[in-house]
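What follows is a set of notes on a single structure, which appears directly below.
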Amino acid sequence: QVQLVESGGGLVQAGGSLRLSCVASGRILTAYTLGWFRQAPGKEREFIGASRWIGGRAYYAYYADSWKGRVTISRNNAENTVDLQMNSLKQEDTAVYYCSAASRPYSNSGGVDYWGQGTQVTVSS
């Protein structure tokens, strides 16, 4: 089992930035892919990006095309954390943001084995 706990959500003005953090625990996570999704009201859960293990101590961050250039995913394997830095936020970015984990790379919700409880991000005008 893997437990994921997100933090850092809240209210931010449009144009601002926000950093979300996720702490993973429960088993050896070195080779796991850790990532982020979001889900707005009435919409499907949307992949943002993830950090996958590529061997040794190396990790590779990859992103959905619609998010490239606006977010950065960083991972600290010693602390089992994965952060999501979001910039130039818009009102339509208002959603619940979820941390995710799986034993293999993924780019949609069907590939995820574990979910965090989610953290609300609200972007005001």
Side-chain angles (χ1 to χ4, degrees):
Q1 280 288 67
V2 173
Q3 292 79 44
L4 304 170
V5 179
E6 304 98 334
S7 62
L11 179 65
V12 61
Q13 283 193 324
S17 299
L18 199 64
R19 189 177 186 90
L20 305 181
S21 294
C22 172
V23 179
S25 62
R27 61 180 300 165
I28 298 173
L29 298 166
T30 301
Y32 267 58
T33 296
L34 302 179
W36 290 90
F37 287 73
R38 74 169 184 188
Q39 188 165 22
K43 295 190 177 181
E44 293 186 354
R45 198 164 290 192
E46 174 190 2
F47 175 71
I48 298 173
S51 172
R52 61 171 291 189
W53 182 62
I54 56 174
R57 297 183 179 180
Y59 291 87
Y60 174 75
Y62 60 100
Y63 307 92
D65 286 344
S66 59
W67 286 93
K68 288 179 181 177
R70 205 156 68 91
V71 299
T72 302
I73 288 177
S74 55
R75 180 169 180 165
N76 183 325
N77 203 52
E79 298 181 356
N80 281 332
T81 60
V82 59
D83 291 355
L84 175 67
Q85 175 69 40
M86 299 185 289
N87 302 316
S88 302
L89 286 165
K90 312 167 189 175
Q91 279 188 278
E92 51 264 43
D93 292 323
T94 295
V96 178
Y97 286 71
Y98 294 92
C99 184
S100 55
S103 58
R104 60 212 170 278
Y106 53 85
S107 58
N108 59 68
S109 59
V112 174
D113 296 328
Y114 302 98
W115 294 100
Q117 82 286 355
T119 185
Q120 176 71 44
V121 172
T122 302
V123 183
S124 64
S125 59

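A donor-acceptor pair is defined here as one N or O able to donate and one able to accept, closer than 3.5 Å; no such pair exists between the side chain of Arg38 and the backbone of Ile48. Side-chain atoms of Tyr59 do not come within 3.5 Å of backbone N or O of Asn77 as any donor-acceptor pair. Checking side-chain atoms of Thr122 against main-chain N and O of Thr94 turns up no donor-acceptor pair under 3.5 Å. One N or O on the side chain of Arg75 and one on the backbone of Ser51 form a donor-acceptor pair closer than 3.5 Å.
Across all non-hydrogen atoms, the minimal contact from Cys99 to Leu4 is O-CD1, 3.7 Å. The two residues Thr33 and Ala50 have their closest heavy-atom pair at CG2-CB, 3.7 Å.
Tested against Val121, the residues Leu11, Asp93, Leu20 include a single side-chain contact (heavy atoms from CB on, under 4.5 Å) partner, Leu20.
For the residue pair Tyr98 / Ser109, no side-chain donor-acceptor distance below 3.5 Å is found, with atom types taken as modelled.
Salt-bridge annotation for Lys68 and Asp65: present, with a side-chain N of the basic residue lying under 4.0 Å from a carboxylate O of the acidic one.
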| request: Under the side chain to side chain donor-acceptor pair (under 3.5 Å) rule, what do Trp36 and Glu6 come out as? Steps first, then yes or no, please. | output: CA-CA 10 Å; Trp36 290 90; Glu6 304 98 334; over 6 Å; no
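Hydrophobic side-chain contacts under 4.5 Å tie Val5 to no other Ile, Leu, Val, Met, Phe, Trp or Tyr residue.
Sorted by first and then second residue, the disulfide (SG to SG under 2.5 Å) pairs with a member in residues 33-93 form an empty list; sequence neighbours excluded.
Not a single side-chain hydrogen bond (donor to acceptor under 3.5 Å, both in side chains) links Tyr114 to another residue, sequence neighbours left out.
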